[in-house]
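Letters A, B, ... mirror the listed sequences (proteins, then strands); counts begin at 1.
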Amino acid sequence: MRRPGAQLAMTAVLLVLGFLVVVQLRAQSAGSALDARSTEELTTLVGNLNTRNDQLRAEVARLETNLAGVVADRQTGRSSVDKLREDVARIRAWAGVDAVIGSGIRLSVRGPLGAAAAADLLNELRNAGAEAVAVADVRLVPGVAISGEPSALKVGGTPLGDPFQISAIGRSEVLSGSLSRMGGILARLAATDPDVAITVTPLERMTMPASSFSLIPAHGTPTL
Amino acid sequence: MSALAPRIRAIPSWQITLGAALLVLGFLIATQFRAEEPRVRYTTLERGPLVATALELQAGQEALKARILALNEAITTELSGGEGDATLIAQLTDEHEDARLAAGLIAVEGPGLVLQIEDADGPLPPGVGEADLRVSGRDIRTVVDQLWLAGAEAVAVNGERIVGPTAVLEIGGSILVNSAYLTPPYQVAAIGEPGLYDRLTSEPGFARFLTDRAAGAGIRLSVAEPGTVHVPAYAGSVVLRYGRPEEGA
């Protein structure tokens, strides 16, 4: 390749080639999963993250107040027994180790609902802020799931009757509103499972049973 | 053929090199154009700041979670070292530790498995829609539920511990667990009695998942069984606002 024209053409092509390789590599590494989301999806995502961060900030504030109180008690020689008892009761109730009393909603489910659809329904309740959920008096805790075929569902190994009840403690208007909103889970189920009938009843007071499952890991050990 | 060989040999080597370079150049330009497509589709003035805000909020969330874990530890330490009947405090401290362990507020490690779930990357199988190629929130919930049924004791998805009130939410193609945005691939870590994977694969619901989603839609699933699996603690609100412990519980 002795002709200067050919050398020039070759140099130009290699330059563009190098530039494009770099651009491509940068695009690949910087490409986030968020890049492919629409503006509407991003707005919803930001809204969810904002809500969650507000909840976390509130929890940080609560814990900081709690810690300041505990430290003050210790400095003044006040017993920490009551605070410990209170904290144990709060965590056990939240975890499902102990029964809980509160307000919320009760769903009556009649008909051949599938396990996946039932799991969708429970997920919607949790997403709407349910603090505790039970299916036919079986408290939903880690380790408990719905299984089986329609009309022969089980929860945590316990067979469900027809109809069966789902109870959820939380803000009743938010819980029922989330289920019955336009395009929500109840509307979707009415379209996909027309033989299933679900009724929602707000309750001022209900008791959520304690879990009968052991929640202390038998094979996992605590770590820092 | 015999007449072609001398003609090929007569082509100057720089022309062959240039031809090859132009071929690669064409390929790269085509790839670049294809890669730009989805972004062009969604390009608006708001998108850039929205992506930046989402990433900023996610980073802020990580910092808040770390702060919650640190505060929980500090409170536990202070309470266990507090004033009062030493025997009673020791007993309550043990109960406190057990309650936190049961609630998923303490990280655990032990035998188990890690399942990695990724979007399909092959061609669109017949009868499968474009959206079916992506890992969905329902896929994650199915896998978690099947792990519970197989006897898992503790489960986390991309480091988010699954606890009683955990919801798995899907917005477009993005998955949120405990309202934390997860970046694919999704790694589901589970601790349980040895043999967890064998029990998982014998669950009818998991077999159906493999048939419908892995074999049917091409969702990629891989499993690792390291000696020790780590499942982090839940970092979030542990407060009942609409309920309270039953008296005498």
Side-chain angles (χ1 to χ4, degrees), chain A residues 1 6 10 13 17 20 27 33-34 36-39 41-42 44-46 48-49 52-53 55-56 59-60 63 66-67 70 74 77 79-81 84 88-89 91-103 119 123 126-127 131-132 141 143 145 147 169-170 215-217 219-220 222-223, chain B residues 14 18 21 25 28 35 38-39 42 44 46-47 50-51 53-54 57 60-61 64 67-68 71 74-75 78-79 82-84 88 92 95-96 99 101-103 106-111 141 145 148-149 153-154 162 164-165 167 169 171-172 174 179 183 191 193 237-238 240 242-243 245-246 249:
Chain A
M1 191 167 55
M10 191 64 154
V13 166
L17 196 63
L20 278 173
L34 293 176
R37 304 286 166 251
S38 69
T39 305
E41 287 165 359
L42 284 170
T44 315
L45 180 65
V46 165
N48 268 275
L49 289 172
R52 164 70 164 171
N53 285 12
Q55 289 165 354
L56 292 178
E59 180 69 1
V60 166
L63 290 172
N66 197 358
L67 179 61
V70 172
R74 204 173 169 185
S79 168
S80 62
V81 168
L84 255 173
V88 169
I91 298 170
R92 284 173 62 97
W94 182 87
V97 179
D98 288 340
V100 179
I101 294 177
S103 60
N123 188 63
R126 290 167 173 143
N127 187 41
E131 296 173 350
V141 292
S147 60
I169 285 183
L215 292 168
I216 305 283
H219 299 90
T223 117
Chain B
W14 68 268
L18 187 62
L25 189 64
L28 276 171
R39 264 168 279 174
Y42 290 130
T44 66
E46 303 88 22
R47 282 197 72 258
L50 278 172
V51 170
T53 307
L57 286 168
Q61 193 171 107
L64 286 164
R67 178 80 183 129
I68 286 173
L71 282 165
I75 290 168
E78 286 292 332
L79 284 173
E83 298 292 326
L88 186 56
L92 284 169
E95 285 179 22
H96 194 255
L101 198 52
I106 297 177
V108 283
E109 60 181 23
R141 285 201 302 275
D145 279 351
W148 292 140
L149 291 168
E153 299 176 342
I162 306 294
L169 184 63
I171 300 168
S174 304
S179 291
T183 314
I191 290 175
E193 192 179 351
S237 176
V238 188
L240 295 170
Y242 297 89
E246 190 181 28

| request: Select, from B:Gly110, B:Ala99, B:Gly60, the one with the greatest count of heavy-atom pairs under 4.5 Å involving chain A. | output: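 Maximum pair count with chain A is reached by B:Ala99.
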
ask   = Pick from B:Thr183, B:Leu64, B:Val238: which one has the most heavy-atom pairs with chain A under 4.5 Å?
value =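 Sorted descending by pairs with chain A, the first entry is B:Val238.
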
Give, for atom [atom1] of [X] and atom [atom2] of [Y], the distance between the pair rounded to the nearest 0.5 Å.
{"X": "A:Arg74", "Y": "B:Glu78", "atom1": "CZ", "atom2": "CD", "result": "5.0 Å"}
{"X": "B:Ile171", "Y": "A:Asn48", "atom1": "CD1", "atom2": "CG", "result": "4.0 Å"}
{"X": "A:Leu56", "Y": "B:Ile68", "atom1": "CG", "atom2": "CD1", "result": "4.5 Å"}
{"X": "A:Leu63", "Y": "B:Arg67", "atom1": "CG", "atom2": "CZ", "result": "9.0 Å"}

If I compare all heavy atoms of [X] with all of [Y], which pair ends up nearest, and what's the gap?
{"X": "B:Tyr242", "Y": "A:Gly170", "result": "CG-C, 3.6 Å"}
{"X": "B:Asp145", "Y": "A:Ala119", "result": "OD2-CB, 3.8 Å"}
{"X": "A:Val100", "Y": "B:Gly243", "result": "CG1-CA, 3.9 Å"}
{"X": "A:Ala145", "Y": "B:Trp148", "result": "CB-CB, 4.3 Å"}
{"X": "B:Ala54", "Y": "A:Leu49", "result": "O-CD1, 3.5 Å"}

Is there a donor-acceptor contact under 3.5 Å from the side chain of [X] to the main chain of [Y]?
{"X": "A:Arg126", "Y": "B:Gly164", "answer": "yes"}
{"X": "A:Asn53", "Y": "B:Leu57", "answer": "yes"}
{"X": "A:Ser80", "Y": "B:Leu79", "answer": "yes"}
{"X": "B:Glu153", "Y": "A:Gly220", "answer": "yes"}

Any side-chain heavy-atom pair of A:Asp98 and B:Pro245 under 4.5 Å:
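Counting from C-beta outward, A:Asp98 and B:Pro245 never come under 4.5 Å.
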
With a 4.5 Å heavy-atom cut-off, do B:Leu240 and A:Ile169 have their side chains touching?
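Counting from C-beta outward, B:Leu240 and A:Ile169 never come under 4.5 Å.
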
Discussion item. I'd like to verify something: which residue of A:Val81, A:Val141, A:Val97, A:Asn66 has the highest number of heavy-atom pairs under 4.5 Å with chain B?
Written reply: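 Sorted descending by pairs with chain B, the first entry is A:Val81.
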
Who wins among A:Asn123, A:Ile91, A:Leu67 for the most heavy-atom pairs under 4.5 Å with chain B?
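The candidate making the most pairs under 4.5 Å is A:Asn123.
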
query: For B:Val108, which residues count as a side chain to side chain contact (heavy atoms under 4.5 Å, CB included) partner, sequence neighbours excluded?
result: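 Testing B:Val108 for side chain to side chain contact (heavy atoms under 4.5 Å, CB included), a comparison that skips the adjacent residues, returns A:Pro217, B:Leu101, B:Ala154, B:Arg161, B:Ile191, B:Val231.
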
Where does B:Ile162 contact chain A at under 4.5 Å (heavy atoms): side chain, backbone, both or neither?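 Interface part for B:Ile162: backbone (N, CA, C, O).
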
Could you tell me which portion of A:Val46 (side chain, backbone, both or neither) has an atom closer than 4.5 angstrom to a non-hydrogen atom of chain B?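 Both parts, backbone and side chain.
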
message: I'd like to check the side-chain hydrogen bond (donor to acceptor under 3.5 Å, both in side chains) partners of B:Ser174; sequence neighbours left out, ordered by chain and number.
response: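 Result, side-chain hydrogen bond (donor to acceptor under 3.5 Å, both in side chains) vs B:Ser174: A:Arg37.
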
